[in-house]
Amino acid sequence: MVKIQFYALDLESDENLKIYGKTLDNKRVCAIDKNYKPSFYALGKDIEKLKKKISLLEEDESKVTEALIEDVSYYDEKTKALRVYTNNLKAITVLAHRIRQDYPTLDLKETDISAYKRYLIDNNLTPLTLWEVDGDIINHHELNVEICVSGKITQVSDDIIPNPRVLALDIEVYGFDFGGDKGSVEPIIMLSLVGSHNYKKVITWKRFKNPQNYIEFVDSEMALLEKANEEILKYNPDYLLGYFSDGFDFPYIEKRMKKYKIKSKIGYDNKGIKIRNNTGESIAKLKGISHIDVYKFVSGAMSVPLDLDSYSLDIVAKELLGRGKVEVNINKLSESWDKGDIKKFCEYNLMDSILTLEIFQKILPNINELVKLIGSPIQETSRMTYGQLVEHYLMKRCRDFKEIIPKRPPRSIVFERRMHTYQGALVMEPLPGLHENLVFLDFRSLYPTVTIAKNISPSTLRLHPPGYETPEIRDESGRSVVYYFDKNKEGFIPKILRDIIQRRNTLKEITKKEPSPVLNARSYALKTIANSTYGYMGFAGARWYCRECSSSITAWAREYITQTIEDARKEKFKVIYSDTDSVAIVLENKTRQDILKFIEKTNKKLPDLMELELESFYKRGIFVYKKGELKGAKKKYALITEKNEIKIKGFETVRGDWSKIARKTQYDVLKLILEGTPKEKAMKYVLKVIDDLRNNKVNKEDLVIQTQLKMNLDEYSVIGPHVAIAKIMKERGFRIGAGSPVWYIVGEGSGKIRDNVCLPDECKNYSKDYYINNQIIPAVEKIFMVLGYTKEDILKDKKQSSLGDF
DNA sequence: GAGATTGTCGTACC
DNA sequence: ACAGGTACGACAATCTC
């Protein structure tokens with residue numbers, strides 16, 4: 001008998017429930033829980049009667065070991081369930097199938113949850129923390145571990161693995177091969193590895209003079225691949241990182257290894273990386289070692305706080321680390337390789353791994369806290385979407401209330417749900433103009449607090465009184481409906497949201513006194529779950545789908561914001577705009593004290609945790625007209641704070657699919673106006689830009705328009721400029737498909753815009769007309785319009801490609 | 001065949 | 001399929017006279 005402590009990194013359920021991890025002295029461990037009995041539930045009137053029969057059920061290797069009646073809760077309703085324990089992990093599928101056939105009155109639950117997830121939930125175990133296995137050492141010849149123990153498993157600490165061994169990897173490929181349709185035909189010419197524990201290396205197979213000390217020369221691509229495998233094995237990482245490595249590096253490496261028939265031995269199972277392909281997206285997974293695609297996490301669970309136009313390594317590194325990639329012309333890589341002039345490219349290759357590692361280290365607290373909260377292994381948690389995070393959190397919390405986890409909906413139901421939609425937020429038409437002295441108020445976490453205050457949950461929904469009565473809701477057919485939510489017992493969803501908000505408040509209290517990145521990350525993890533729960537209930541693929549709940553939340557939110565606007569107006573406040581949970585007020589003769597009083601008064605009326613907050617005061621703000629109309633444009637305004645910070649919403653300035661020249665010009669105009677500069681000066685500035693455009697004084701890069709393909713090329717029914725350039729890029733060897741970024745300049749020529757798009761390198765002359773009439777003027781005309789120019793002036797002048805008559 | 005209208009598409013706001 | 005709805009505006013496609 002031995003007792004081994006280890007940090008649990010990865011789980012697997014084949015015949016056994018296996019946990020892979022590292023001991024405190026960095027030894028690889030496999031632990032098998034021999035006490036774990038997989039189980040599922042049966043609901044139904046007959047469970048008492050059928051208990052005996054089911055407990056004797058047997059089919060081939062699978063058999064029921066025990067069947068017990070348990071008190072459980074299903075959609076918050078107390079009931080009895082038959083818990084069916086089985087002899088092994090695969091038995092669930094087999095036996096569930098049998099029971100469904102033989103006893104159709106029974107409703108089976110929790111048969112659609114993978115065994116290791118059930119295991120983690122049932123035993124309240126958290127990956128990445130310190131666990132202990134107490135049992136017997138067993139043979140492990142097929143595994144690359146130092147020790148394998150089968151026995152009793154417990155978690156002994158909440159602390160997360162303190163100093164994991166991390167290794168980042170990046171490859172460069174000859175040519176312009178993205179591993180697309182033609183399929184990874186070009187060789188890998190360099191591969192960099194950078195470790196957290198003082199390790200860096202670039203492996204390449206073209207020798208050059210005065211190599212950097214981290215270069216390792218080999219003789220061929222095959223030798224490079226073998227060397228890389230050897231180095232990874234030797235480094236013994238806990239996490240293997242890449243940037244877009246699910247989609248590129250690892251699938252590519254796999255294909256090239258296949259070509260040379262190299263068998264990788266990385267991973268605790270000696271079997272290398274496995275690429276799983278589902279719905280067009282590939283995922284690269286290892287046993288024991290957690291492969292983390294840093295891109296997936298940054299562009300997924302971190303996308304809301306980061307809020308970047310692009311999640312390329314360069315952009316993300318600049319944002320998080322303050323420095324970007326090594327500047328080289330990567331298009332010249334093949335040419336330089338042929339000449340043997342690749343020193344700079346090796347540095348570039350190394351830097352990609354360094355940045356990947358450093359970004360990972362920067363966001364590690366966020367990943368760790370999500371893992372702790374959700375309770376899923378890091379490999380999965382780091383790839384989860386917001387919806388999956390919510391769902392896994394709810395599943396985990398079910399255990400605390402003995403709640404049975406609802407089924408995942410079948411495809412047909414998902415499809416059916418997707419057909420329906422519901423009404424969302426209220427957006428008020430703003431009063432256009434340049435306003436002085438504004439204040440923005442907003443509801444703190446409006447949707448979560450409404451959910452709590454009105455006890456909105458799938459289980460508390462009623463079609464008849466009594467209960468909290470929603471405002472009238474128009475359904476798709478235009479009929480008016482009202483829902484009710486039970487007032488007596490708190491539902492599962494509100495209960496969990498309340499808990500999250502309270503935990504977050506406690507954390508905020510602590511971090512106010514003593515700042516802590518870890519607690520901030522924990523707070524952010526909680527916020528992520530709370531804010532996504534409303535959207536989750538409206539998501540067709542959700543286990544806890546409840547469209548009535550989502551539509552009730554938005555209905556009450558509309559009511560509260562409308563009421564707030566009305567109350568404010570009753571007290572003679574000038575409300576000029578509102579979107580979802582915020583109101584903008586022009587102070588005029590009102591004082592700040594008046595605003596504070598109004599907030600206080602409003603909060604006295606608001607139920608439960610609902611709260612109106614002061615967002616900020618602003619010196620000035622500009623709201624513009626909709627193009628060609630005399631209505632205010634929603635979701636489009638710019639503000640200046642008392643500290644002269646400019647805040648811009650919705651304008652072309654903040655849109656990634658406009659040229660830099662238009663964005664910058666608009667920004668500068670907004671800034672001048674908000675700072676109180678006379679409009680004539682701003683106009684002069686615009687005329688100068690137009691002049692520069694006319695005289696070819698503008699850099700090409702300022703003219704580039706970048707956007708993204710949302711579909712595959714053959715799915716477009718309308719061929720716009722971005723689709724036209726995508727076709728050209730495809731011809732040039734770019735991998736083009738849904739999600740690909742594309743960029744172009746509009747060149748001179750006649751016909752449609754799409755007929756004149758060109759790649760920046762290939763463009764001879766840009767279209768002055770296009771950039772003046774379709775970029776600069778549209779971007780600034782709406783601003784000048786609110787400053788007193790008439791619509792007619794602008795429309796007339798637009799035709800003349802000039803603002804000269806202003 | 002030019003101008004108005006409608007539909008598609010991408011990106012932003014909350 | 002991988003949280004939701006609301007909104008703007010460019011451009012292409014289609015309609016209208």
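These numbers come from the heavy atoms of this one structure, side chains and all, not from hydrogens, waters or symmetry mates. As the structure is a prediction and not an experimental result, all values here were calculated from the model.
- Listed candidates were C/dA13, C/dG4, C/dC8. Nearest to the side chain of A/Val718 is C/dA13.
- Counting any heavy atom pair closer than 4.0 Å across all strands shown, A/Tyr716 reaches sugar-phosphate atoms only and no base atom.
- Interatomic distance, A/Tyr116 OH to A/Ile121 CD1, rounded to the nearest 0.5 Å: 10.0 Å.
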Open item on the list: Taking Watson-Crick (N1-N3 plus N6-O4 or O6-N4) and G-U wobble (N1-O2, O6-N3), each under 3.5 Å, can you produce the dot-bracket string of DNA chain B? Use [ ] for crossing pairs and | for inter-strand ones.
Closed with: ||||||||||||||
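- A/Met537 comes within contact range of no nucleotide atom at all, as no heavy-atom separation falls under 4.0 Å.
- OP1 or OP2 of C/dA13 lies within a sub-4.0 Å distance of a side-chain N or O belonging to A/Arg754.
- A sub-4.0 Å separation between OP1 or OP2 of C/dA7 and a side-chain N or O of A/Lys626 is absent.
- Within 4.0 Å of A/Tyr545, counting heavy atoms only, lies no atom of the nucleic acid at all.
- Between C/dA3 and A/Thr385, a contact under 4.0 Å exists linking OP1 or OP2 to a side-chain N or O.
- With P as the reference atom, C/dG5 and C/dA1 are 15 Å apart, rounded to whole Å.
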TODO: Show your working on side chain to side chain contact (heavy atoms under 4.5 Å, CB included) between A/Tyr447 and A/Ile452 and close with a plain yes or no.
DONE: CA-CA 9 Å; A/Tyr447 287 0; A/Ile452 293 166; over 6 Å; no
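- Between A/Asn774 and C/dA10, a side-chain N or O to OP1/OP2 separation shorter than 4.0 Å is absent.
- Closest to the side chain of A/Lys636, from the set C/dT6, C/dG9, C/dA13, is C/dG9.
- Within the 4.0 angstrom heavy-atom criterion, only backbone atoms of the sugar-phosphate kind lie near A/Trp658; the bases stay farther away.
- The phosphate of C/dC11 (OP1 or OP2) has a side-chain N or O of A/Tyr770 nearer than 4.0 angstrom.
- No side-chain donor from either of A/Lys647 and A/Tyr637 sits under 3.5 Å from a side-chain acceptor of the other.
- Taking the 5' to 3' direction, DNA chain B first and last meets chain A under 4.0 angstrom from a heavy atom at B/dT8 to B/dC14.
- A/Gln666 contributes a side-chain N or O that, together with a main-chain N or O of A/Glu652, makes up a donor-acceptor pair within less than 3.5 Å.
- Phosphate contact (OP1/OP2 of C/dA7, side-chain N/O of A/Lys634, threshold under 4.0 Å): present.
- As judged by a 4.0 angstrom heavy-atom cut-off over every strand, A/Thr707 is placed among residues touching the sugar-phosphate backbone only.
- Residue A/Tyr637 is classed as a sugar-phosphate contact, given heavy-atom separations below 4.0 Å to backbone atoms only.
- Across all strands, A/Leu446 comes closer than 4.0 Å to no nucleic acid atom at all (heavy-atom distances).
- Here A/Gln708 lies in heavy-atom contact (under 4.0 Å) with sugar-phosphate atoms only.
- Between A/Trp544 and A/Phe492, the angle of the ring planes stays under 30°, which puts this pair in the parallel group of the 30/60° scheme.
- Residue A/Thr554 is out of contact with every strand shown, counting any heavy-atom pair closer than 4.0 Å.
- A/Ala540 comes within contact range of no nucleotide atom at all, as no heavy-atom separation falls under 4.0 Å.
- Among the atoms of the strands shown, only primed sugar atoms or phosphate atoms (P, OP1, OP2) are found under 4.0 Å from some heavy atom of A/Val427.
- Salt bridge present: A/Arg397 and A/Asp499 bring a charged side-chain N and a carboxylate O closer than 4.0 Å.
- Judged by distance alone, with hydrogens and angles left aside, the side-chain atoms of A/Arg417 form a donor-acceptor pair with the main-chain N or O of A/Ala542 at under 3.5 Å.
- When the side-chain nitrogen and oxygen atoms of A/Arg418 are compared with OP1 and OP2 of C/dG4, one or more of them lie within a distance under 4.0 Å.
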